Amino acid sequence: MGITTDEEHIDTPHMEGELPPTPPETVVDGEERKENEDSKDLTLFPLPPTSNPPTSVLEVDKKTPDAHVPRDPRLIRLTGVHPFNVEAPLSALYNEGFLTTPELFYVRNHGPVPLVEDEDIPTWEFTVEGLVENPITISLKELIEDYEQLTAPITLVCAGNRRKEQNVVRKTKGFSWGAAGVSTALWTGCLMSEVIRRAKPIRRARYVCMEGADKLPNGYYGTSVKLNWVMDPNRGIMLAHKMNGEMLRPDHGKPLRAVIPGQIGGRSVKWLKKLILTDQPSDNWYHIYDNRVLPTMVSPEESASNPSWWKDDRYAIYGLSTNSAIAYPAHEEQLCIVGAPQKYRVKGYAYGGDGRRVTRVEVSIDKGKTWRLSNIDYAEDRYREGYEQNLYGGSLDVPWRESSFCWCFWAIDIPVEELKGAKDILVRAMDESMNIQPRDLYWSVLGMMNNPWYRITISHENDYLRFEHPTQPALIPGGWMERVKKSGGNLMNGYWGERIDGVEPEAPVEEQVTEVKMTKDDVNQVITIDELRKHDTEESPWFVVNGEVYDGTAFLNGHPGGAQSIISAAGLDSTDEFMAIHSETAKAMMPAYHVGSLDEASRRVLSEGEVQQDPSNEPRPVFLNSRNWTKAILHSKTNVSWDTRIFSFKLEHDEQSLGLPTGQHLMIRLRDPVTREAIIRSYTPISETTRKGYADVLVKIYFDTKEREGGKMTKAMDALPIGHFIDFKGPIGKFEYLGRGVCAINAVKRSVKRLIMICGGSGITPIFQVLRAVMQDKEDPTTCVVLNGNRLVEDILCKEDLDVFARDNVDRCKLLYTLTKGPEDWTGLRGRIGAPLLKEHCIKGAEGDTMVLICGPEALEKSVHSALNEQGWPDSDLLFF
Ligand SMILES: Nc1nc2c(c(=O)[nH]1)N[C@H]1C(S)=C(S)[C@@H](COP(=O)(O)O)O[C@H]1N2
Ligand SMILES: [Mo]
């Protein structure tokens with residue numbers, strides 16, 4: 001998250017009551033609007049932001065049943081690789097504005113995405129059956145031709161939106177959505193009531209059951225809503241085939257889905273195949289065991305052993321609960337308070353349920369003692385203001401409707417002076433029925449409809465205010481909830497786990513982690529690593545959790561995460577991922593699959609230095625461990641150029657240092673997403689060695705070309721989804737720079753006056769660390785000569801930083817770039833790094849006063865080696881990284 005210093009989120013203070021400018025939006029021009037050209041009263045309703053439909057299938061998806069679905073790599077995967085359940089980073093979602101592009105629209109798939117070829121779209125059929133006089137089958141072509149088409153903006157929200165907060169309090173049976181399980185699109189199609197009317201429901205019919213084409217472990221996905229709602233035009237229940245004017249994308253129900261405005265997303269069935277009229281709610285497994293808020297005292301065990309909780313219709317959820325979240329300040333955003341503008345604009349989204357309008361959004365910076373009224377922008381109203389017109393082949397069916405089916409954006413300017421004195425920012429929304437978000441979180445087994453006040457904390461660090469959201473989605477660590485919980489705070493004390501003034505602090509409540517027993521008593525077979533490895537197969541995948549061996553075969557079809565996630569774990573120790581993802585209920589199912597215990601020796605071999613959990617559970621101050629693999633999480637990717645990225649990894653906690661001495665490297669271990677083979681390479685991070693909590697690694701991706709296959713490791717890195725674990729080990733390397741000219745080679749110290757650094761391409765990274773260490777220490781007398789070879793100017797990595805070192809240290813740093821394909825106006829050196837260049841720029845001095853550090857492709861290292869030897873450099877002065 002960047003540092004906010006200027007106008008980015010802050011505008012000049014505005015008048016009381018004046019609406020803040022809304023996020024950028026497109027104004028209709030072109031075809032759709034032509035007919036209205038003479039009207040002066042053109043309404044400026046938002047059109048979708050520019051979409052860049054993904055065209056290629058991501059590496060991670062290729063071995064899954066979704067290998068036919070191109071996707072956007074920015075989406076954060078919440079349930080491993082498959083099934084695809086994702087949300088966009090919250091700021092990215094908010095920045096899209098009122099309408100979300102289909103590629104960033106959240107996805108909730110219970111299983112594989114049905115494959116529907118474009119040529120089969122017109123003949124896609126669905127039925128209307130059950131309690132009707134006239135059962136019918138309708139093709140998509142007929143639906144478009146025979147039924148009145150309309151287009152309307154509608155927000156979908158997964159009932160699990162914001163569930164991570166519940167999971168931090170106590171693990172629910174659901175995966176961890178952040179606050180971006182919500183998105184808005186313009187949907188085109190017809191009213192569901194039209195097709196039902198043609199089928200002539202009989203009197204007894206009270207419910208409309210819907211069924212999708214996705215075959216899941218417990219049957220096809222299905223649910224129901226009341227027939228009465230479907231027939232009510234005010235509820236706007238649709239059958240949609242277009243999203244933002246284009247055919248539905250595969251993840252969003254291509255070619256046809258239900259869209260049920262104002263209700264939880266789970267009712268909007270995708271890949272729609274059947275509408276069945278009944279006199280009872282749906283008996284589909286997913287209708288019964290999903291999308292419910294059971295009473296808070298029903299524990300996971302109770303809900304599992306007593307199915308009647310699930311059958312009680314009172315606990316099914318339909319209309320959304322009133323909700324809101326803060327988008328800016330973003331998580332870990334920093335506001336520089338020196339020379340900051342007077343006001344900071346806090347902003348976010350809010351929505352109500354069942355078409356109820358959000359009528360106020362209030363913000364507090366004193367823990368809810370006082371509230372200030374925020375401005376609300378209801379972009380949805382701007383579609384109402386105009387008269388009926390055509391958009392994407394449907395009439396814009398909103399002007400007459402009174403309901404609010406979309407999210408709204410709110411914003412409020414708060415004086416930075418006041419933020420400086422505050423510890424947190426709270427937001428709550430209220431709808432037109434005065435339903436207001438509660439202060440306290442209501443925990444329930446499925447963790448759904450979570451809507452307490454959204455709270456971000458403010459901490460003061462030197463000249464900065466640093467903001468923290470409650471959580472981060474998926475397994476991504478971070479957020480104040482985790483921090484408070486770790487330090488013993490009780491998150492449910494009505495005060496966000498903080499101490500209440502004047503009240504004796506409660507003894508930190510030991511979390512009631514009932515250790516779920518995952519083994520079977522009569523299983524006592526000892527299994528060796530060789531036996532385990534025989535089951536590294538798709539047919540009978542065995543995997544290891546806590547040293548115990550499980551046979552996943554019988555569960556391949558029933559696993560909610562899909563067979564793929566079990567197959568991916570075959571033959572491996574998957575303790576960390578397993579324990580992190582699974583609920584108590586899931587763990588309680590494990591004895592059924594328990595086949596034996598891995599013998600001691602095999603455990604050691606298998607973990608071959610896998611993260612050894614410190615039994616004391618103390619946070620480790622240093623991340624790297626030279627004997628064991630430790631895990632960090634991919635936090636972000638930044639494109640430096642078309643083929644070069646900075647991968648930022650989040651260490652185990654904010655205070656942890658990487659533990660990499662200057663000049664040394666670390667190893668990164670990944671699994672090839674397709675073959676699952678382990679790939680290990682060494683890298684030198686470019687982030688400062690003193691940086692805490694994170695490490696940045698600069699990587700040039702070697703893509704496949706027509707001539708040759710690309711780099712296994714770098715392609716696999718590029719395919720990594722944000723939020724996933726990667727293994728690290730180290731430090732390694734024979735060289736270390738101790739400072740002030742003192743180097744250690746294989747731990748033998750040696751003092752030098754000069755360092756000559758020769759590198760090519762991404763070989764700059766270890767060199768960069770050493771150079772920075774020298775240049776940052778103004779007392780370090782060592783002089784450095786850097787000879788850096790590349791093809792094009794734009795291939796020179798870290799050039800800006802290098803140039804600054806040279807500019808600020810004229811007498812200590814000599815920087816020489818040489819290019820093989822330099823542009824005409826290039827004033828630096830030309831040609832490869834070889835004997836002639838070296839003779840000129842790598843001049844031997846007094847005996848032993850210089851070390852030459854070399855890092856680059858093998859060919860470069862070889863030719864430099866022989867050239868330097870010829871020029872009289874002894875091997876003892878040369879160091880190859
Ligand atoms: N056929 C089918 N329809 C489905 C689902 C599904 O898994 N299969 N998931 C539901 C849930 S829980 C949600 S929140 C929405 C998500 O829609 P989206 O993926 O287009 O955002 O689809 C709903 N419709
Ligand atoms: Mo959902």
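These figures come from a predicted structure and were not determined experimentally. As the structure lists them, so they are numbered: ligands from 1, and atoms in each ligand from 1.
For the pair His110 and ligand 1, the shortest N or O to N or O distance falls below 3.5 Å. Considering backbone and side-chain N/O of Asp214, one or more are found under 3.5 Å from N/O of ligand 1.
Close contacts of ligand 1 with Asn109, meaning ligand atoms under 4.0 Å from a residue heavy atom, involve 7 (O). Below 4.0 Å from some heavy atom of His252 lie the following atoms of ligand 1, by number and element: 18 (P), 19 (O), 20 (O), 21 (O). Every atom of ligand 1 is numbered from 1 in the order shown, and the set under 4.0 Å from a heavy atom of Phe105 is 21 (O). Each of the atoms 22 (O), 23 (C), 24 (N) of ligand 1 lies under 4.0 Å from some heavy atom of Ser268. Each of the atoms 14 (S) of ligand 1 lies under 4.0 Å from some heavy atom of Cys158. Ligand-side atoms of ligand 1 in range of Gly265: 11 (C), 13 (C), 14 (S), 15 (C), 22 (O), 23 (C), range being under 4.0 angstrom from any heavy atom. Heavy-atom contacts of Val269 reach the following atoms of ligand 1: 1 (N), 3 (N), 24 (N) (cutoff under 4.0 Å).
Between Asn450 and Asn161, the closest side-chain pair of non-hydrogen atoms is not below 4.5 Å. Two residues are said to be in side-chain contact when any heavy atoms from C-beta on lie closer than 4.5 Å; Tyr147 and Leu239 fail this criterion. Residues Asp377 and Cys408 have side chains not in contact (no heavy-atom distance under 4.5 Å, counting atoms from C-beta outward). Annotation: side chain of Phe126 is in contact with side chain of Leu256 (closest heavy-atom distance under 4.5 Å).
The residue from Arg257, Glu211, Arg108 that puts a heavy atom closest to atom 17 (O) of ligand 1 is Arg257.
Taking the six-membered ring for Trp, Tyr94 and Phe409 have ring centres closer than 6.0 Å.
Smallest separation of non-hydrogen atoms from Arg292 and Trp310: NH1-O, 2.6 Å.
Summary of contacts: the protein heavy atom closest to atom 3 (N) of ligand 1 is Lys270 N, 2.9 Å. Of all protein heavy atoms, the one closest to atom 14 (S) of ligand 1 is Tyr106 OH, 3.2 Å. The nearest heavy-atom contact from the protein to atom 4 (C) of ligand 1 is Tyr221 CE2, 3.5 Å.
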Margin query: Go through it in stages, so that I can follow the logic: the residues are His82 and Thr64, the test is side-chain hydrogen bond (donor to acceptor under 3.5 Å, both in side chains), and I'd like the CA-CA distance, side-chain angles, deciding distance and then a yes or no.
Written below: CA-CA 7 Å; His82 194 269; Thr64 75; 4.6 Å; no
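With no hydrogens or angles considered, a side-chain donor-acceptor pair links Thr184 and Trp407 at under 3.5 Å.
To the nearest 0.5 Å, atoms CZ (Arg455) and NE2 (His469) are separated by 12.5 Å.
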